[in-house]
Amino acid sequence: MNAFGDAVAAEWIKLRTVRITWWLLAGGFGGAALMCLLAFSAVAQWDNVPAERQADSYVSWLPPVAGWIAALCVAVLGILSVTGEYGSGLIRATFVAMPRRRLVLGAKALLVGLVAAGAGAGAVVLTELAVNAIIGDRVINGQPGPAENTVGALAVLALSVVMCGLLGTGLAALTRSAVASIVTLVLLWYGLPIILGNVPGRWAERVGAVLPAALADQVVTVGGAQSVYTHLLAPPVALAVMAAWALVPLGVALVLVERRDA
Amino acid sequence: MRVPPGGGWLCAVIEVCELTKRYGGTTALDALTFTARPGEVTGFLGPNGAGKSTTMRIILGLDRPDAGTATVNGAAYRGLDRPTRQVGAVLDASAVAGGRRAVDHLRWQARAAGLPATRVDEVLADVGLSDVARRRVGGFSLGMKQRLGIAGALLGDPPVLLFDEPVNGLDPDGVRWIRDLLRGFAAQGRTVLLSSHLMSELERTADRVVIVVRGRVVADAPLAALGDGLSLEDFYLKATT
């Protein structure tokens with residue numbers, strides 16, 4: 001097998017032989033279970049209110065929420081797959097065994113991306129199917145109508161989870177610190193949107209529109225969602241910005257990893 | 001341990017030439033030069049902060065020197081194909097993921113080198129860890145971690161071996177075991193570079209000592225040539241003052 005194939009195989013053994021990987025995957029899918037509980041609770045309340053008030057009630061489309069939970073879990077997985085080695089010093093054994101460092105980082109990113117795709121698609125599709133089954137034929141505001149095709153939106157949500165996994169991996173390879181990576185990621189994902197949402201003016205909206213968590217919704221909108229994020233980008237532009245968040249930090253890290261002392 | 005046909009190991013040398021490394025304003029290595037040859041244990045001796053570990057890291061391609069070269073078998077480490085089959089190294093034995101099982105720690109290394117998984121069982125037996133192979137490394141004593149690190153270095157059956165302070169944390173049995181192991185490697189014609197600050201240990205294990213102080217080689221001689229009834233300790237203290 002070629003050197004990259006060996007690196008991928010070696011990194012796969014590393015990834016699956018630490019428990020945190022499985023805990024984070026459980027967390028990623030746990031989001032889907034949480035959404036089912038939310039749906040049960042919403043349906044129970046909906047059934048107990050008079051028909052005229054049912055028209056005023058609203059339940060968000062839940063797959064994006066499950067996607068956010070999965071995104072956070074795979075981002076942490078990507079971060080730990082890199083910073084865990086720098087923290088323990090294992091990275092030296094890794095680079096002694098595989099001196100072509102770009103192959104190592106590339107292998108890590110590929111595996112995190114594949115795991116993120118599986119976890120992201122799994123979490124949002126499971127949520128969609130389970131929540132639809134729970135809601136049944138009730139017509140609740142905020143939910144996609146029976147004629148609305150959500151496949152494209154689910155695919156974009158899964159892509160958004162992949163973006164987060166790769167962003168985490170890239171930030172971790174740049175900072176080589178779990179704390180710095182997680183703080184940066186949480187700021188980008190949760191902190192800045194909240195801050196910008198409270199700042200008036202066009203520039204705050206423009207910055208808010210390109211933040212990672214705002215992008216999936218700008219590619220495809222489902223159920224007339226009441227998004228807290230701005231909708232300034234055309235779908236292809238939003239997709240391109242998603243790709244940039246996933247690949248730019250990783251690309252810079254791929255250049256730096258060969259230059260820095262390990 | 002397999003002995004290779006012919007004299008392929010004769011050119012398996014570590015050559016360090018005019019190596020210079022600065023960290024900010026301090027000079028860690030100052031035109032350091034020495035050679036480790038096949039069939040010998042070369043002891044790399046010096047006080048803490050003398051530059052031993054920095055030199056080891058540069059030889060292994062982990063750090064970049066500001067000037068000079070370090071080669072193994074005539075090539076820079078980062079240019080080696082399948083380095084695990086040419087060079088084995090034990091740096092910091094405690095630098096492992098505590099949650100991973102010993103056997104898995106070796107499996108990824110074997111896989112990275114394109115070696116069959118059967119090598120993992122062989123090296124585990126070589127270092128006496130077969131019984132604890134399925135245990136998580138976090139529960140290992142430092143001595144067991146040293147053995148695990150050595151198992152990793154042996155995976156590719158390499159002609160060149162580097163050990164950074166391998167007897168740290170070992171009990172007397174373990175120290176004796178390492179000494180016999182390293183002497184055995186040299187007797188097979190391998191090149192062994194052993195860094196240590198334990199002079200009595202080097203005196204029993206090394207054929208040749210390179211003494212480094214503040215990034216410079218202050219002595220480079222066969223142990224037998226120290227002569228005049230000087231112990232290594234006397235020689236070291238004379239060389240470093």
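Here is the naming used below: chain letters follow the sequence lines, and residue numbers restart at 1 for every chain.
B:Arg78 contributes a side-chain N or O that, together with a main-chain N or O of A:Glu258, makes up a donor-acceptor pair within less than 3.5 Å.
Taking CG from A:Leu15 and CH2 from B:Trp108, the interatomic distance works out to 13.5 Å, rounded to the nearest 0.5 Å.
Chain B forms more heavy-atom pairs under 4.5 Å with one residue of A:Ile91, A:Val96, A:Val8, A:Val18 than with any other, namely A:Val96. Note: A:Arg101 leads A:Glu11, A:Arg260, A:Arg101 in heavy-atom pairs under 4.5 Å with chain B. Among the candidates B:Leu91, B:Asp104, B:Val87, the residue making the largest number of heavy-atom pairs closer than 4.5 Å to chain A is B:Asp104.
Both the backbone and the side chain of A:Arg92 come within contact range of chain B, each with at least one heavy atom under 4.5 Å from a heavy atom of that chain. In this structure, no portion of A:Arg16 lies under 4.5 Å from any heavy atom of chain B. Contacts of B:Asp92 with chain A are absent, with no heavy-atom separation under 4.5 Å from either backbone or side chain. Proximity to chain B (any heavy atom under 4.5 Å) is shown, for A:Ala97, by both the backbone and the side chain.
Within residues 150-170 of chain A, no residue has any heavy atom less than 4.5 Å from a heavy atom of chain B. Against chain A, the residues from residues 58-68 of chain B that qualify, each with a non-hydrogen atom under 4.5 angstrom away, are B:Leu60, B:Gly61, B:Leu62, B:Asp63, B:Arg64 in number order.
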Exercise for review: List the steps, then state whether side-chain contact (heavy atoms from CB on, under 4.5 Å) holds for B:Arg100 with A:Lys14.
Suggested key: CA-CA 8 Å; B:Arg100 193 171 282 129; A:Lys14 279 192 204 164; 3.4 Å; yes
Practice item. Check step by step if side-chain contact (heavy atoms from CB on, under 4.5 Å) holds for B:Arg107 and A:Thr17. Key: CA-CA 10 Å; B:Arg107 274 182 188 150; A:Thr17 55; over 6 Å; no
**Study point:** A:Asp6 vs B:Arg111, salt bridge (Lys or Arg N to Asp or Glu O under 4.0 Å): CA-CA, chis, key distance, verdict
**Key:** CA-CA 6 Å; A:Asp6 283 337; B:Arg111 200 65 196 76; 2.9 Å; yes
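Residue A:Phe95 comes nearest to B:Tyr77 through the heavy atom pair O-CE2, 4.4 Å, listed as atom of the first residue, atom of the second, then distance.
Between A:Thr94 and B:Gln109, the closest side-chain pair of non-hydrogen atoms is not below 4.5 Å.
Counted within 6.0 Å of CZ on B:Arg214, heavy atoms from surrounding residues, nucleotides or ligands total 12 or fewer; the atom is thus considered open. Within 6.0 Å of atom CZ in A:Phe40, 12 or fewer heavy atoms from other residues, nucleotides or ligands are found, so the atom counts as exposed in its surroundings.
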